[in-house]
Amino acid sequence: MQPPLVVVMGVSGSGKCTIGRQLANALELPFLEGDDVHSPENVERMRSGQALNDEQRREWLASLSERLACACRDGRGLVVSCSALKRSYRDVLRRGAPGLRLVHLRAERGLLAERSASRQGHYMPVSLLDSQFATLEPPGTDEAALTYDVVQSPENIVQAVVLALVRGQPVG
């Protein structure tokens, strides 16, 4: 059985990195923090409060897709944290990994603003949260997505994802 290829997705502050790392550990798979793949120019844009447009995200998404494709070709699993806000972005990621599973972390804006304001060492300012929500296209029923509300603990979410993956739970 092919190890899973998973993208943990959601808006800024939803816990993608925390849950992605824990999920990778639970599944004994490598973890890739999508933010680490952004170009220095994109990081600086976001740090200064500018939302990225589709063109500015293109190279970043292609790079993540290639890493997923390599894992798929090599028969390795991989867990990636990536906002993947639009279906078109997720389509790029799926080009590299047709069997890609999504873990969509859903949350209310107020909770994420609170979390983002207290985060240390992250370049994404709270001011970009509204643009992230405006861009977000929740996964469709045909996108192999497991959706969780982040009011749950990361441990509970990870446990539910692992169980769903092991059982081959239908999605939608």
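When all heavy atoms are compared, the tightest approach of Gly77 to Leu29 is CA-CD2, 3.6 Å. Ala145 approaches Pro139 most closely through the heavy-atom pair CB-CB, 3.6 Å. Nearest heavy-atom pair across Trp60 and Val37 is CD1-C, 3.7 Å. For the residue pair Cys17 and Phe31, the shortest heavy atom distance occurs at O-CZ, 3.9 Å.
Two residues are said to be in side-chain contact when any heavy atoms from C-beta on lie closer than 4.5 Å; Arg167 and Val162 fail this criterion. Between Val11 and Ser83 there is no side-chain heavy-atom pair separated by less than 4.5 Å.
Residue Leu102 holds its CG atom at 11.5 Å from CG of Leu5, rounded to the nearest 0.5 Å. Between the CG atom of Leu93 and the CZ atom of Arg90 there is a distance of 9.0 Å, given to the nearest 0.5 Å. Between the CZ atom of Arg76 and the CG atom of Leu78 there is a distance of 7.0 Å, given to the nearest 0.5 Å. In this structure, Cys82 SG and His38 NE2 are separated by 7.5 Å, a value rounded to the nearest 0.5 Å. Atom CZ in Arg101 sits 11.0 Å away from atom CG in Leu23 (nearest 0.5 Å). Atom CG of Asp54 sits about 8.5 Å away from atom CG of Leu61, to the nearest 0.5 Å.
Counting only N and O atoms by type, the side chains of Ser81 and Glu33 include a donor and acceptor under 3.5 Å apart. A side-chain N or O of Tyr89 and one of Arg57 form a donor-acceptor pair less than 3.5 Å apart.
A donor-acceptor pair under 3.5 Å links the side-chain atoms of Gln132 to the main chain of Ser12, judged by distance alone. With hydrogens and angles disregarded, a donor-acceptor distance shorter than 3.5 Å links the side chain of Ser65 to the backbone of Gly96. Looking at Ser63, its side chain never comes within 3.5 Å of a backbone N or O of Glu59 through a donor-acceptor pair. Remark: the backbone N or O of His104 is not paired with any side-chain donor or acceptor of Lys16 at under 3.5 angstrom. With Lys86 contributing its side chain and Glu137 its backbone, the two residues share no donor-acceptor pair below 3.5 Å. Side chain of Asn42 to backbone of Leu52: no donor-acceptor contact under 3.5 angstrom is found.
Tested against Arg106 for a side-chain contact (heavy atoms from CB on, under 4.5 Å), the candidates Leu136, Val151, Asp149, Val150 yield a single pass: Asp149. For the side-chain contact (heavy atoms from CB on, under 4.5 Å) criterion with Leu105, the lone passing option out of Leu146, Thr147, Ile19 is Ile19.
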Step-by-step side chain to side chain contact (heavy atoms under 4.5 Å, CB included) determination, Val80 to Val6: CA-CA 6 Å; Val80 177; Val6 180; over 6 Å; no
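Annotation: salt bridge (charged side-chain N to carboxylate O under 4.0 Å, His left out) contacts of Arg94 (sequence neighbours excluded): Asp91, Glu143.
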